[in-house]
Amino acid sequence: HFCCLCVPHTYAAAKCDEALASPLPHTAFTSSSVFSSGYTPGYAKLNRRGGAGGWSPLDSDHYQWLQVDLGSRKQISAIATQGRYSSSDWMTRYRLLYSDTGRNWKPYHQDGNIWAFSGNSNSESAVRHELQQGIVAHFLRFVPLDWSKEGRIGLRIEVYGCSYWADVINFDGQGVISYRFKVKKMKIIKDVIALRFKTSESEGVILHGEGQQGDYITLELRKAKLLLQINLGSNQYGSILGHTSVTTGSLLDDNHWHSVVIERYRRNVNFTLDRHTQHFRTNGEFDHLDLDYELSFGGMPYSGKPLGGGRKNFKGCMESINYNGDNITDLARRKKLDTSSFRNLSFSCVETHTFPVFFNATSFLQLPGRASHNTLSVGFQFRTWNPDGLLLFSNLDDGTLEISLEDGKVVVHINVSTASRNARVDLVSGSGLNDGQWHAMRLVTKENFAMLTIDGDEASAVRSTSPLTITTGGTYHLGGKLLQMHPSKHRSFQGCMQAILVDDQPADLHAVEKGTVGAFENVSLDMCAIIDRCMPNHCEHGGRCKQTWDSFSCTCEGRGYTGATCHTSIYEPSCEAYKHLGRSSDTYWIDPDGSGPLGPFKVNCNMTEDKVWTTVMNNLPPKTAVTGSSKERRTVLQVNYSASMDQVTAITTSAEYCEQQIAYSCQKSRLLNTPDGTPYTWWVGRGPGIQKCACGIDRNCTDPKYDCNCDADHSQWREDSGLLVYKEHLPVSQVAVGDTNRPGSLAKLTVGPLRCQGDNNYWNAASFTTPSSYLHFATFQGETSADISFYFKTSAPYGVFLENLGNTDFIRLELKSPHVVSFSFDVGNGPVELTVHSATPLNDDQWHRVMAERNVKEAVLQLDQTYRASQLAPAQGHTRLELFSQLYVGAAGGQRGFLGCIRALRMNGITLDLEERAKVTPGVKPGCQGHCTSFGMYCRNGGKCVEKYNGYSCDCTDTAYNGPFCTRDVGGFFEAGTLVKYNFMPEAFAGASRDSKVVTLQLTPHEVNLTKEEVAFSFSTSSAPAILMYVSSKTQDYLAVVLRHNGSVQVRYNLGGLKEPFTIDVDQRNLANGQPHSINMSRVNRSISIQLDHYPPISYTLPEASDTQFNQVKTLFLGKVYETGHVDQELIERYNTPGFVGCLSRVQFNGVAPLKSPDRQPAAASPASYQGKLVESNCGASPLTIPPMSAATDPWHLDNTDAEFPFNEERVIPDGVNRDSAIIGGIIAVVIFTILCTLVFLIRYMFRHKGTYHTNEAKGSGESAGESADTAIIGTDNPETIDESKKEWFI
């Protein structure tokens, strides 16, 4: 919606390519020196052979320059250089300076640096450079940096461009131009304001307009930055403020031209300074800028009164001022505008007479002063980014004077040594003086007096009246000094100085330049080449930018991002990603778009056996009471979440499924049965709903005449509740309640948390099956910062993951060999390649993670979060990655194609949809199988990894564990008389049941006679004796593990051949002490190994007479034996009564887990059953199978202080607690449990009319999407006919 703005100097931009230097006379060319008469600068024209064939200076050093006077200001688009004709003289690298006046030079900038152009490699070929940033200048200077090694500096040049003309107005700090509107009040919906300005002042109002309603627009300089303030109006209560403030640019008081364009359409604004554009929207709700009378340029409107608010008028020059198509400068020249406030209106730029000096790290400037004098006076202005540096040094007759910058403060040290005594004076003033702004310093010393003043503030001047007598030495070194003369602890000054006063006399820097006064080294005279490396700010995501003279750095602490420019998120994108790092359920920070604009936020991650749930909480308390609302004045409850709406949307967009519970409890508070069809109450999500409750669809409402329980309008409590499952419409952000104002009318509202499951982005994958197959996407946009991350899986030794090309720029990620991943790119400084070497082969058909990042500071390549390579970007050079081709994934120009899988490919925070593109691409298949090779290690304790299309799950069926990683113990609390029974040979073997395969999970008929057993379990108890485990058979063979009367464990084997069972007393200690204990036992033929707790295993051997075969294994008992066949009567009599009381967990016998879901009643289909009371518990015996990351090093854990890892689910009973207290505690627990069960039964009976449902919202309400919230929720007339797969029940 923006119109084109044609400023005069842009008309010929397309054709601005005339040769400007060749037609000039000889006198237009000047230089620092001349080798001899045939080498004068007038011969330095491209392709000319006059004189000696070009210019050469007397000395080939870094102080030489060639200057061109173009006759008037010209627009310059390109430059070309050539060596001296038929010689060995040329320059290989150079800088370009430009100026309007032949003074105060400005170096040409590109990519945030003072640009060094590449020159020539011989004397004949011309090298041309297009200027990315077109410049306007009257004078140009070419400054050689390097030259031919065989010869000297030799140069011929050409300058390309076109003529330039603009109306200029000089603002003296008093005058203001008033642009009066044709009508008294203007209501402006669109603005285009353009102008160019130059100034040496850091403060000043450039334009201002305001209206009586409070609207305004102001553009002003503040601390040499450009500040735009705009207000399109605040609302009448002031709750929504319209004030908007945006800052851009820096160091704009350099007395060089800067161009500004402000384009506004309604609330959208483009704010452009020197071709760098910021886009923003104004605050508030209004679109029009309401201004009264006038717009003023150069200051606030002139009223004859003193200027308020401390705002200064602009002092400097402006040109080409355009406002909505009117040329303000031309109107002022033709006296069509009010310029009466000017004392003397000038249409030419009045130049300032400052003479800046630029110091680098090895510079110094030596100036003469008064010698042998007892008064010393020095002063100058300086600007720098460095906190430290030597500003001035002087050898006094009898001591030294040192003025330095230390930690942003000016520090003066005066040391005087005489025969009688040593005197020292130290003065410190100012703070934060390394902010890039000009600061003035003045020091005056007399006898017994010294005063230091910063920025002319006499009130804060620092004085010393210490006894002091000095005699000046007559020579001053600024910015540094010859080290052999007097070593200093201070580094040299890097920055600019101007307005230098030595002993009350301005320094004659013109004479210094000519070499007649003083001396200098590595100093650039008449220019200040300061650069603000934090503008534009390359630190992303709110990172703080700090700079020195040479570089910048970003501070990312507390932002959730890392890297040289705070680009990369330190958090995983979803709960799914955390699960696949082996993490368990907890609260985590996630960042769904990685390096994108969304910040990280906290969610609850619940890792279940087969799903991963992400939960986002809201701030609405359960059963929030609502009263006093009517249909005319509804109560609107805002539902705010622990994340912003954009963040929540990122979760729902990538999730496979989302749900949110909503419940409305009512007492004479209706929902839908209104006379006019508008509902009393509704919720607002991200889409429409339909007008029916779940009980209406299920046809089980309290009153069948209505579609909601609440619509029956009963005085008893009723409830309508349900599950909203259309993730496109979630979450619920508001609920409007409208029927609680009648007597006895009450409502209580509950909005549950948003729960989402799965992450499609994390599993978005493609399989490349042929070497020539690839996917193509739109060009990758990553000019100044780019990050790429993905997972790959291959068995091939090499292949290109992805590639994107430009003219010469490119970016490529590649598997170069089975051990090497490569990241290569070129941004214009030549190709760069980073490689990481893996110790193990990468073509092992397992998932590997690659992360690559490239920004203006560095490039980084990371593999599997283990191997890392990085390389710093060059200090000078190109920084923008300019790509034009499509992005190819899986190949590079058809070469070295990748074979295998690529998954979760994310570039600058955006996940590429590989699956969708793979569906229509030959040689590429959507999805990828084989996740278990990578993630199977997370399935612990014998759990089997099961492949899924999106990931994997752990099958814990054949283990004594449950949980997503088979790490949660399965156990039970046994009361006296409780037993668990597992049948190995039920009657099903005779063919009575078709489900016999379920019964014999591990023990097929061939294995019923055993020669080896593996037994493992944990137990805790405070009572003995007891039978822990008993395995019976159809013969007299058995195996038993018992707890004897003294609490020690005994193992009994009876396999036949012996008169008495073979008995092993495992340990003499009392293990019935309430503590958890574990037993691991194995037998192979005669060899038995038993391990108790964490003690070393002990080996035993069955006697030679004993049989080694456990014949016809029949039943396993836990806790108590109840066997109809043969049993060891002595064992039963001594240990079976009253039965085991305590906890058993992790029970396994040859791969069978009898405590896995035993049935209350024995059934043919289920081999496991129990009798008595069995309460699920893990008995506090769970070992830490996944060690937790230490809280100090875990970046995902929320609270790094006092972090506790839950070792057990139940508290362990300490030693010495007697048996009676445990029994009493058990009785109390049973009583409380019985009372709770009774209460639950009563409540269910009382509220048996409540409706519960799966609520759905209709998707098909497109026609109402643009209407108000009141009408958007009214859906179809006949909800009964809704397709079951596409409905969302509505409250």
Side-chain angles (χ1 to χ4, degrees), residues 585 608-609 941 956 959-963 966-982 1016-1030 1041 1043 1071-1079 1116-1122 1136-1149 1152-1163 1166-1183 1206-1214 1217-1241 1243-1244:
S585 299
T608 63
E609 276 78 354
N941 300 310
C956 311
T959 73
Y961 297 84
N962 275 333
C966 305
T967 54
R968 193 170 71 236
D969 293 14
V970 174
F973 187 85
F974 289 64
E975 295 185 9
T978 302
L979 69 89
V980 171
K981 179 178 176 183
Y982 190 96
F1017 62 88
S1018 291
F1019 70 93
S1020 65
T1021 183
S1022 298
S1023 60
I1027 296 178
L1028 299 173
M1029 176 186 286
Y1030 187 97
V1041 183
L1043 209 57
L1071 301 181
N1073 57 2
Q1075 296 284 350
H1077 299 283
S1078 61
I1079 291 178
L1116 180 149
F1117 292 93
L1118 297 175
K1120 192 166 184 175
V1121 179
Y1122 186 75
N1136 205 34
T1137 305
F1140 175 71
V1141 177
C1143 241
L1144 275 173
S1145 68
R1146 293 197 288 142
V1147 182
Q1148 270 189 299
F1149 178 86
V1152 169
L1155 287 175
K1156 272 279 186 76
S1157 308
D1159 291 333
R1160 188 73 179 85
Q1161 298 298 328
S1166 174
S1169 62
Y1170 72 94
Q1171 297 174 22
K1173 286 194 174 180
L1174 182 67
V1175 180
E1176 189 177 334
S1177 170
N1178 79 334
C1179 310
S1182 176
F1207 186 86
N1208 298 323
E1209 291 179 21
E1210 296 184 348
R1211 293 296 301 270
V1212 173
I1213 303 169
V1217 175
N1218 64 32
R1219 195 177 308 170
D1220 295 334
S1221 62
I1223 294 170
I1224 292 165
I1227 293 168
I1228 293 170
V1230 169
V1231 171
I1232 292 170
F1233 183 77
T1234 308
I1235 292 168
L1236 285 173
C1237 290
T1238 310
L1239 280 171
V1240 168
F1241 177 80
I1243 290 164
R1244 286 181 62 89

Are any non-hydrogen side-chain atoms of C956 and K1156 less than 4.5 angstrom apart? yes
Spacing of OG belonging to S1020 relative to CG belonging to L1071, to within rounding of 0.5 Å: 11.5 Å
Under the 3.5 angstrom rule, does the side chain of T978 hit a backbone N or O of K1173 as a donor-acceptor pair? yes
Where do S1078 and R1146 come nearest, in terms of heavy atoms and distance? CB-NH2, 3.8 Å
Distance (rounded to the nearest 0.5 Å) between F1017 CZ and C1143 SG: 13.0 Å
I want to check something: taking the side chain as every heavy atom from C-beta on, are I1079 and F1019 in contact at a cut-off of under 4.5 Å? yes
With sequence neighbours left out, what residues match Y1030 under ring pair (Phe, Tyr, Trp, His ring centres under 6.0 Å)? Y1038
Report the distance from atom CD of Q1148 to atom CG of L1116, rounding to the nearest 0.5 Å. 12.0 Å
Are any non-hydrogen side-chain atoms of F1117 and K981 less than 4.5 angstrom apart? yes
Which residue, L1155, L1028, L1174, forms the side chain to side chain contact (heavy atoms under 4.5 Å, CB included) with L1118? L1155
Give me the one residue out of N962, L1144, T959 that meets side chain to side chain contact (heavy atoms under 4.5 Å, CB included) with V970. N962
To check you understand the geometry: which heavy-atom pair defines the closest contact between A1072 and A1024, and what is its length? CB-CB, 4.2 Å
To the nearest 0.5 Å, tell me how far N941 CG sits from Y961 OH. 4.0 Å
With a 4.5 Å limit on heavy-atom distance, are the side chains of K1120 and F1140 in contact? no
